[in-house]
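Since the structure comes first, as structure tokens, the remarks are kept for the end.
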Amino acid sequence: MAILQTSILYSLLLLQSAQNTVATRDDLRYVNPLIGSTNGGNVFAGASLPYGMAKPVADVGGQNTGGFSTDGSKVTGFSHMHDSGTGGNPSMGNFPLFPQYCEDNIVDNCKFPKSARAIHYKNDSVVAKPGYFALTLESGIKAEMTAERRTALYRFTFPRSRAADGSDLNPLILLDLTDLWDSRQNASISLDADSGRIKGNGTFLPSFGAGSYKSYFCADFVNAEVKDSGIWVNDRAGPVQDLFVTRGFNNFYLQGGGYMTFDRPHDGIVTVRVGVSYISTDQACKNAESEVPDSEDAFDDLRKNAENEWKQKLSPIKLTPGGVSDEMISSFWSGIYRTMLSPQDLTGENPLWKSDEPYFDSFYCLWDAFRAQHPFLTIIDPQAQSKMVRSLLDTFKHEGWLPDCRMSLCKGWTQGGSNADVVLADAYVKNLTGIDWELAYKAMVNDAENEPLEWSYEGRGGLQSWKRLNYVPYLDFDYIGFGTNSRSISRTLEYAYNDYGLAIVGKGLGKKDYTTYLSRSGNWQNLYKEDQKSLLENGTDTGFTGFFQPKYINGTWGYQDPIACSALASWCSLTSNPSETFESSIWEYIFFVPHDMAKLIEMVGGPQSFVSRLDYFHTSGLADMGNEPVFLTVYDYHYAGRPGLSASRAHTYIPSSFNATHNGLPGNDDSGAMGSFLAWSLMGLFPNPGQNVYLIIPPFFEAVAITHPETHKTATIRNVNFDKTYKNIFIQSAKLNGKPYTKSWIGHEFFTQGMTLELTLGDKESDWGTHKEDLPPSLSDSVAGYEGM
Ligand SMILES: *[C@@H]1O[C@H](CO)[C@@H](O)[C@H](O)[C@H]1NC(C)=O
Ligand SMILES: *[C@@H]1O[C@H](CO)[C@@H](O)[C@H](O)[C@H]1NC(C)=O
Ligand SMILES: *[C@@H]1O[C@H](CO)[C@@H](O)[C@H](O)[C@H]1NC(C)=O
Ligand SMILES: *[C@@H]1O[C@H](CO)[C@@H](O)[C@H](O)[C@H]1NC(C)=O
Ligand SMILES: *[C@@H]1O[C@H](CO)[C@@H](O)[C@H](O)[C@H]1NC(C)=O
Ligand SMILES: *[C@@H]1O[C@H](CO)[C@@H](O)[C@H](O)[C@H]1NC(C)=O
Ligand SMILES: *[C@@H]1O[C@H](CO)[C@@H](O)[C@H](O)[C@H]1NC(C)=O
């Protein structure tokens with residue numbers, strides 16, 4: 001009903017603005033879930049509702065972190081749950097189905113283990129749309145899928161095929177008690193041929209975390225007569241109706257599952273409805289029964305419903321493309337779409353504690369998502385973002401810690417600081433509603449004050465030294481808690497920024513101790529080594545002096561080459577070459593002082609020196625566009641009074657590194673983190689998370705309008721002199737609600753109050769946004785040596 005009314009209203013609006021607006025009615029058709037489906041993007045390309053738990057797609061044997069990839073590898077099955085864009089091991093993919101014919105209808109002639117059954121799909125048969133995924137296997141069997149919240153619905157179409165004796169072949173569909181990376185421990189399955197139902201469950205390992213999780217399914221085969229059912233183990237099968245498998249000696253992996261065969265229906269279609277659950281097999285069945293009725297039209301209805309839900313979620317945004325390419329439009333909508341695949345709404349599916357609060361999972365990881373994704377959800381879906389924050393707090397309440405990374409109900413590995421703190425601070429400064437702020441502050445203080453025994457997956461390490469020395473020391477002596485004792489520089493920088501978040505929330509709540517955190521938020525300065533130089537590998541001096549360096553407990557400097565952990569040197573992660581900076585170089589981390597860029601700029605020698613440093617960083621191969629720490633560096637020019645350079649920098653990466661091709665992402669999408677970077681950049685605003693600040697550049701379109709889902713006010717950012725060839729990318733002057741506006745940034749009120757920002761463009765940098773009073777705020781609000789442009 002509501003959807004119908006909106007679309008009528010919308011058609012009227014379209015009529016009114018038909019003059020200069022490309023029809024935005026069908027924005028959904030610009031969403032291409034295959035962007036980033038190869039080359040390490042690892043996106044989930046299948047069918048899902050917004051934040052849906054059920055995520056059916058074809059799983060391949062190649063780059064299968066998100067299930068499917070367009071890397072040309074073979075299909076091994078069709079499974080019901082996935083993550084999107086993550087690194088680490090492939091996530092979930094539990095209990096895949098696989099359709100086939102057995103030669104001469106002899107079951108043992110079918111192929112059961114993954115490697116035996118893997119088969120190519122027909123090139124060009126792949127269709128990926130919001131809420132729908134389909135392909136045709138080289139066997140001629142077509143697989144289509146769509147999803148409800150906790151139910152995957154498959155439609156397998158078997159072409160007619162005959163045995164040697166001329167009789168019809170009978171379709172067989174197997175179910176494998178496995179997941180994408182064969183992490184299964186124990187699993188059970190039971191079959192009931194009379195009702196056409198297979199139930200089961202298993203214990204699996206999270207793809208980037210500790211412990212294990214249990215997963216349950218309930219598969220109903222509808223509109224086909226079951227002929228035969230049984231189980232299979234390795235490559236043999238038989239008419240037994242129950243199976244329990246475990247890990248073999250030395251953790252050896254045993255393969256097994258169940259199958260059903262059918263009389264081929266006239267239309268060749270066998271529909272499989274798979275309910276999933278983390279609670280029990282019974283709940284998996286109930287989920288399927290309540291979400292997907294037994295009806296002829298179930299598949300089409302479900303697909304339509306999924307499309308409508310996505311339309312609804314994208315509806316706050318209206319685009320006036322201004323003649324730019326369809327690829328650019330597709331990049332925009334697809335990036336936005338991917339921000340709502342994860343975290344997943346598992347409310348009602350959390351076996352770990354009882355609560356009336358929402359439960360979201362696959363915060364994978366907050367280290368990626370705090371920077372742009374959660375701020376993005378805050379503008380287009382504040383209700384969902386508020387629920388996610390409540391879920392983080394409920395997790396703190398029941399597990400004792402805010403999550404830093406979380407997947408499949410397990411604690412994931414911490415990459416740097418306790419960045420849930422930033423997500424909470426961001427929600428606080430943007431006035432998200434429905435959040436218990438006293439609880440939030442308690443959770444944040446817990447991160448800052450109490451060191452857990454295992455800080456590899458919660459809280460922070462080295463807190464004794466952090467509090468005593470005001471930095472995380474190189475080779476810390478820490479017997480309170482344990483984690484990978486590396487990353488002393490990047491952890492110092494992140495802890496400092498996390499503490500800034502505490503200070504903001506604490507101050508707002510009237511807490512006296514906020515000054516402690518304000519003071520600790522300056523700790524990054526203690527690792528700045530004024531006389532540190534940086535040479536390239538061939539000995540050439542980069543010409544810049546002053547970098548962060550590791551420091552021992554005794555106050556003596558240690559050493560890490562500033563270019564180490566960049567593309568010019570070597571890769572550093574938690575397990576590969578652990579270093580004092582995480583997944584990025586000192587060259588990149590030098591820019592990570594989001595709350596006090598003014599002080600940083602002063603320390604590195606003033607705005608001009610800072611700008612040449614940023615330019616060198618972005619043009620020398622030191623910047624790693626494929627990973628999240630780089631995001632804000634694209635826009636850091638704003639803090640040096642050169643907002644025009646942020647705009648031209650963004651254009652050097654879009655579309656060359658972010659585009660609408662299958663390999664159009666420079667790195668893992670990380671649950672939509674890259675998608676949100678792209679969406680913000682194209683929209684012409686970039687958040688500095690945890691602060692009420694959006695940095696302004698011209699949108700890549702003529703105009704973008706965002707209607708706030710709660711206040712229903714529409715914020716518009718519009719280019720005057722828009723040039724679709726992107727020669728005019730420099731703001732000459734701006735007007736906010738019709739009045740001259742010279743600041744290079746704007747606050748969240750822009751969205752909640754629905755303001756109109758009009759940017760007049762030209763082809764050269766101007767003095768707009770360059771004066772001291774126009775700079776975005778910094779903790780130290782003066783920049784020594786700053787003289788305007
Ligand atoms: C289909 O595409 C894959 C991967 O690009 C390629 O290896 C294969 O040869 C193609 N098959 C045909 C029949 O063109
Ligand atoms: C697997 O099942 C066996 C037998 O019931 C049990 O001893 C073992 O603890 C189980 N292991 C796991 C990981 O569930
Ligand atoms: C797991 O699956 C087996 C086989 O269907 C079933 O007997 C058992 O009750 C299930 N366990 C739960 C907790 O649902
Ligand atoms: C050192 O490497 C840089 C970057 O590749 C290059 O520009 C420079 O010419 C090299 N210098 C020498 C002396 O080889
Ligand atoms: C401080 O500790 C480091 C590492 O143990 C050591 O190399 C250095 O000599 C010490 N400095 C002083 C002044 O003792
Ligand atoms: C698209 O992006 C990818 C990943 O960053 C890049 O490798 C490729 O060159 C880009 N393609 C175009 C046409 O710019
Ligand atoms: C948040 O609410 C406070 C108090 O009503 C108000 O002063 C502030 O402007 C609001 N902030 C935003 C970003 O809307």
Side-chain angles (χ1 to χ4, degrees), residues 32 34-43 63 70-71 85 94-95 175 177 184-192 195 197-204 213-220 229 231 240-246 256-258 274-288 325-328 330-331 334-335 349 351 465 469 471 473-477 485 488 549-560 567 580 621 623-627 630 634 650-669 674-675 677-678 681 726:
N32 180 0
L34 293 172
I35 295 175
S37 61
T38 188
N39 199 31
N42 293 352
V43 300
Q63 298 172 29
T70 45
D71 65 352
N94 325 59
F95 311 120
L175 185 143
L177 295 172
R184 190 212 67 231
Q185 306 296 303
N186 288 348
S188 314
I189 189 169
S190 59
L191 298 99
D192 181 354
S195 60
R197 173 170 276 190
I198 306 183
K199 298 193 293 190
N201 47 65
T203 302
F204 299 87
Y213 68 98
K214 288 204 170 73
S215 170
Y216 304 83
F217 73 91
C218 177
D220 288 312
S229 70
I231 54 129
V240 176
Q241 305 303 312
D242 295 279
L243 175 69
F244 173 77
V245 285
T246 180
V274 185
V276 290
S277 175
Y278 289 112
I279 302 286
S280 69
T281 305
D282 286 347
Q283 175 135 341
C285 294
K286 279 188 207 126
N287 288 345
S325 68
D326 278 2
E327 285 75 23
M328 194 62 82
S330 178
S331 280
S334 307
E349 288 293 337
S465 298
L469 304 168
Y471 60 92
Y474 185 28
L475 302 181
D476 192 16
F477 176 51
N485 203 5
S488 62
Q549 281 294 296
K551 198 186 258 182
Y552 290 108
I553 299 182
N554 62 13
T556 301
W557 289 110
Y559 175 70
Q560 178 174 310
E580 298 318 297
D624 177 7
M625 260 342 266
N627 210 357
V630 83
V634 174
H651 281 272
T652 64
Y653 291 121
I654 304 169
S656 72
S657 295
F658 295 84
N659 52 62
T661 62
H662 291 176
N663 66 351
L665 292 178
N668 302 153
D669 194 43
M674 291 278 158
F677 171 81
L678 186 55
S681 298
Y726 301 124

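When reading the values below, keep in mind they use all heavy atoms of this one structure, side chains included, and skip hydrogens, waters and symmetry mates. Counting starts at 1 for both ligands and their atoms, following the listed order.
Contact record, K199 with D282: NZ-OD1, 4.3 Å, taken as the closest heavy-atom pair. Of all the heavy atoms in N287 and S277, the pair that sits closest is ND2-CB, 3.9 Å. Considering every non-hydrogen atom in both N668 and M674, the closest pair reads O-CG, 3.2 Å.
Judged purely by distance below 3.5 Å, without hydrogens or angles, the side chains of N32 and S330 never pair a donor atom with an acceptor atom. Inspection of the N554 and T556 side chains reveals an N or O donor paired with an N or O acceptor under 3.5 Å.
At under 3.5 Å, a nitrogen or oxygen of N659, whether backbone or side chain, sits near a nitrogen or oxygen of ligand 6. For ligand 5, the polar-atom distance check against Y552 finds no nitrogen or oxygen pair separated by under 3.5 Å. For the pair S657 and ligand 6, the shortest N or O to N or O distance falls below 3.5 Å.
Residues satisfying the ring pair (Phe, Tyr, Trp, His ring centres under 6.0 Å) test with Y559, not counting sequence neighbours, are none.
Among W557, Y474, Y471, the one residue that satisfies the ring pair (Phe, Tyr, Trp, His ring centres under 6.0 Å) test with Y552 is Y474.
Against a heavy-atom cut-off of under 4.0 Å, T556 is close to the following atoms of ligand 5: 1 (C), 10 (C), 11 (N), 12 (C), 13 (C). Residue N663 has at least one heavy-atom neighbour below 4.0 Å for each of these atoms of ligand 6: 2 (O), 3 (C), 4 (C). Taking a cut-off of under 4.0 Å to the non-hydrogen atoms of P655, the atoms of ligand 6 that pass are 14 (O).
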Return a table of N or O atom pairs, ligand 3 on one side and protein on the other, at distances under 3.5 Å, rounded to 0.1 Å.
residue: ligand 3; atom: 2 (O); partner: N201; partner atom: OD1; Å: 3.4
residue: ligand 3; atom: 2 (O); partner: N201; partner atom: ND2; Å: 2.2
residue: ligand 3; atom: 5 (O); partner: S190; partner atom: OG; Å: 2.9
residue: ligand 3; atom: 11 (N); partner: N201; partner atom: ND2; Å: 3.0
residue: ligand 3; atom: 14 (O); partner: T281; partner atom: N; Å: 3.1
residue: ligand 3; atom: 14 (O); partner: T281; partner atom: OG1; Å: 2.9

Test log, rule side-chain hydrogen bond (donor to acceptor under 3.5 Å, both in side chains), inputs T246 and N186: CA-CA 4 Å; T246 180; N186 288 348; 2.7 Å; yes
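L191 contributes atom CG, which lies 12.5 Å from atom CZ of R197 (distance to the nearest 0.5 angstrom).
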